[in-house]
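Structure first, then comments.
By convention here, the first residue in the shown sequence is residue 1.
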Amino acid sequence: MNYKKMRVDSLNSAKALGYSVNPSLPLLDGLKKIRPLELTLSRLLTLSAVTAVSYGYTREDCFYWLQQEDLICSLSQIEKTYLDSKPFLIEDYSFRWGVEALWTLTWCCGYHNSLDFSKVCGDILIDLLPDLNKLESSIKFRRNARMKSVSEIAKALDLAYCLHWSIRDAEIHGREIPRVLSPNVIIQRRKALEWMFSEENWDEVTLDT
């Protein structure tokens, strides 16, 4: 991979979206290996169930479906705490942003080709995933996965990194943050992409800028 060219492309895309850029940001030149497809699918499906709870899906049905799909062990510690808590004791709002990580992971697994950093998660996301209300099996969903290449995912991560730097820089210096997307969209997408290249657990993925 040509990391320098990838960064030039990211900076140009960031500027086109109205974000400030920093040509001195270190290159992400270690992006050579991504998570295995099956592990990625397990994380995606687990996250889909947890996110559904934040939008009103019952915890009971969530646990039932996760057990059905042998995904209980895929829950992160923060997700376990959230699902084990009584409703309203832990704020649903922060978990709702998980749709953007889901949108990113479904893109990584080839279910759509629209990881556009000028737009929020597409309305088709719910139709891409197994129907939790019907406790639908994930077998067909898994069968249709086609992982994108390392270079495609690396390019998306590099852009997310540059956009996240711009957001942090604006916060630090009291400047207006670009209103193209909520900062939470960029953060969730970057988290998913960073996780794809890391060996860290979902809760421990670092987002340094």
Side-chain angles (χ1 to χ4, degrees), residues 34-117 119-149 152-153 156 160 181-182 184-196 200-205:
I34 55 176
R35 302 265 184 170
L37 177 59
E38 282 305 311
L39 183 60
T40 304
L41 289 171
S42 292
R43 169 90 302 258
L44 190 169
L45 289 164
T46 303
L47 182 61
S48 74
V50 174
T51 304
V53 169
S54 74
Y55 282 95
Y57 192 57
T58 69
R59 284 165 165 76
E60 293 76 16
D61 283 346
C62 176
F63 274 120
Y64 184 91
W65 186 79
L66 290 172
Q67 288 172 337
Q68 170 187 292
E69 301 301 313
D70 196 22
L71 289 172
I72 293 292
C73 62
S74 296
L75 286 166
S76 76
Q77 188 55 54
I78 290 175
E79 290 168 342
K80 287 178 186 175
T81 300
Y82 174 60
L83 294 181
D84 286 337
S85 70
K86 293 181 181 179
F88 310 117
L89 289 184
I90 295 182
E91 180 60 59
D92 290 326
Y93 179 76
S94 61
F95 287 89
R96 290 178 182 173
W97 286 108
V99 297
E100 292 295 342
L102 276 175
W103 185 242
T104 304
L105 291 176
T106 50
W107 174 81
C108 290
C109 293
Y111 294 104
H112 67 86
N113 291 304
S114 183
L115 193 62
D116 186 341
F117 281 86
K119 300 177 181 177
V120 296
C121 162
D123 293 336
I124 64 168
L125 178 61
I126 191 69
D127 296 321
L128 298 176
L129 300 166
D131 189 337
L132 298 181
N133 290 316
K134 296 179 180 178
L135 299 175
E136 182 182 359
S137 166
S138 66
I139 292 174
K140 182 179 178 181
F141 178 82
R142 289 176 180 273
R143 190 183 301 134
N144 291 333
R146 299 291 183 273
M147 185 71 85
K148 291 196 178 295
S149 68
E152 286 178 287
I153 298 173
L181 293 175
S182 164
N184 287 316
V185 175
I186 304 300
I187 290 167
Q188 286 294 320
R189 291 184 181 184
R190 184 184 170 200
K191 179 177 180 177
L193 294 163
E194 291 279 6
W195 180 84
M196 288 295 300
E200 302 295 329
N201 294 325
W202 184 253
D203 293 340
E204 278 124 36
V205 173

task = Test side chain to side chain contact (heavy atoms under 4.5 Å, CB included) on Ser85 and Arg59 and set out the steps.
result = CA-CA 9 Å; Ser85 70; Arg59 284 165 165 76; 3.5 Å; yes
inquiry  = Minimum heavy-atom separation for Leu193 and Ala160, please, with both atom names.
reply    = CD1-CB, 4.2 Å
ask   = Taking C-beta and beyond as the side chain, do Ile34 and Thr40 meet within less than 4.5 Å on heavy atoms?
value = no
ask   = Any side-chain heavy-atom pair from Leu41 and Cys109 closer than 4.5 angstrom?
value = yes
ask   = When rounded to the nearest 0.5 angstrom, what distance separates CG in Leu71 from SG in Cys62?
value = 10.0 Å
remark   = From the list Val53, Asp84, Thr58, side chain to side chain contact (heavy atoms under 4.5 Å, CB included) with Phe63 holds only for Asp84
query = Okay, side chain of Ser149, backbone of Glu152: is any donor-acceptor separation there less than 3.5 Å?
reply = yes
query = Any side-chain heavy atom of Asp61 within less than 4.5 Å of one from Leu132?
reply = no
request  = Evaluate the criterion side chain to side chain contact (heavy atoms under 4.5 Å, CB included) for residue pair Ile72 and Lys80; output intermediate values, then yes/no.
outcome  = CA-CA 9 Å; Ile72 293 292; Lys80 287 178 186 175; 5.7 Å; no
query = Counting N and O atoms only, with roles assigned by atom type, does the side chain of Tyr111 sit under 3.5 Å from a partner on the main chain of Phe141, one being a donor and the other an acceptor?
reply = yes
note = Between Gly98 and Gln188 the two heavy atoms that sit nearest each other are CA-OE1, 4.0 Å
inquiry  = Whether the side chain of Glu100 engages the backbone of Cys121 through a donor-acceptor N/O pair (distance < 3.5 Å, no angle test) should be reported.
reply    = yes
message = With a 3.5 Å distance limit and no angle check, can you tell me whether Ser54 reaches the backbone of Thr51 through a side-chain donor-acceptor pair?
response = yes
task = Could you tell me whether the side chain of Arg35 and the main chain of Trp195 form a donor-acceptor pair under 3.5 Å?
result = yes
request  = Might you point out which heavy atoms bring Met196 and Cys108 nearest each other, and give the distance in Å?
outcome  = CG-SG, 4.1 Å
task = For Tyr64, check side chain to side chain contact (heavy atoms under 4.5 Å, CB included) against everything at least two apart and list the hits.
result = Gln68, Leu135
inquiry  = Students often mix this up, so state it plainly: with edges at 30° and 60°, are the rings of His112 and Trp103 parallel, tilted or perpendicular?
reply    = parallel
ask   = Should Leu128 and Leu102 count as side-chain neighbours, where that means a heavy-atom distance under 4.5 Å?
value = no
inquiry  = Is there a side-chain contact between Ile153 and Trp107 in this structure, where contact means two heavy atoms from C-beta onward sitting under 4.5 Å apart?
reply    = yes
message = According to salt bridge (charged side-chain N to carboxylate O under 4.0 Å, His left out), does anything in residues 43-55 pair up with another residue at least two apart or in another chain? List the pairs.
response = Arg43-Glu79
ask   = Should the heavy atoms of other residues, nucleotides or ligands under 6.0 Å from CG of Leu37 be counted, would the total exceed 12?
value = yes
ask   = Under a 4.5 Å cut-off applied to non-hydrogen side-chain atoms, are Pro130 and Lys140 in contact?
value = no
key: Side chain Gln77, main chain Asp203, donor-acceptor under 3.5 Å   = no
inquiry  = side chain to side chain contact (heavy atoms under 4.5 Å, CB included), that's the test. Do Trp65 and Leu45 meet it? Break it down for me.
reply    = CA-CA 10 Å; Trp65 186 79; Leu45 289 164; 4.0 Å; yes
query = Got a donor-acceptor contact below 3.5 angstrom from the Trp202 side chain to the Ala192 backbone?
reply = no
query = With sequence neighbours excluded, what pairs up with Thr104 under the side chain to side chain donor-acceptor pair (under 3.5 Å) test?
reply = none
request  = Could you check if a side-chain atom of Tyr57 sits within less than 4.5 angstrom of a side-chain atom of Asn133, using non-hydrogen atoms only?
outcome  = yes
task = Look only at the side chain of Ser182 and the backbone of Asn184, and say whether a donor-acceptor pair between them is shorter than 3.5 Å.
result = yes
task = Over all heavy atoms of both residues, which pair between Lys119 and Arg189 is shortest? Give the atoms and the distance, please.
result = O-NH2, 2.8 Å
Carboxylate-amine/guanidinium contact Arg142 Glu38, below 4.0 Å = yes
message = Other residues, nucleotides and ligands only: do more than 12 of their heavy atoms fall within 6.0 Å of CG on Asp131?
response = yes
key: Enclosure of Asp127 CG (heavy-atom neighbours >12, cutoff 6.0 Å)   = yes
message = Does any part of the side chain of Val99, heavy atoms only, come nearer than 4.5 Å to the side chain of Val120, both counted from C-beta?
response = no
request  = To the nearest 0.5 angstrom, please state how far the OG atom of Ser138 sits from the CG atom of Asn144.
outcome  = 11.5 Å
key: Asp92 and Tyr82 side chains, donor-acceptor separation under 3.5 Å   = yes
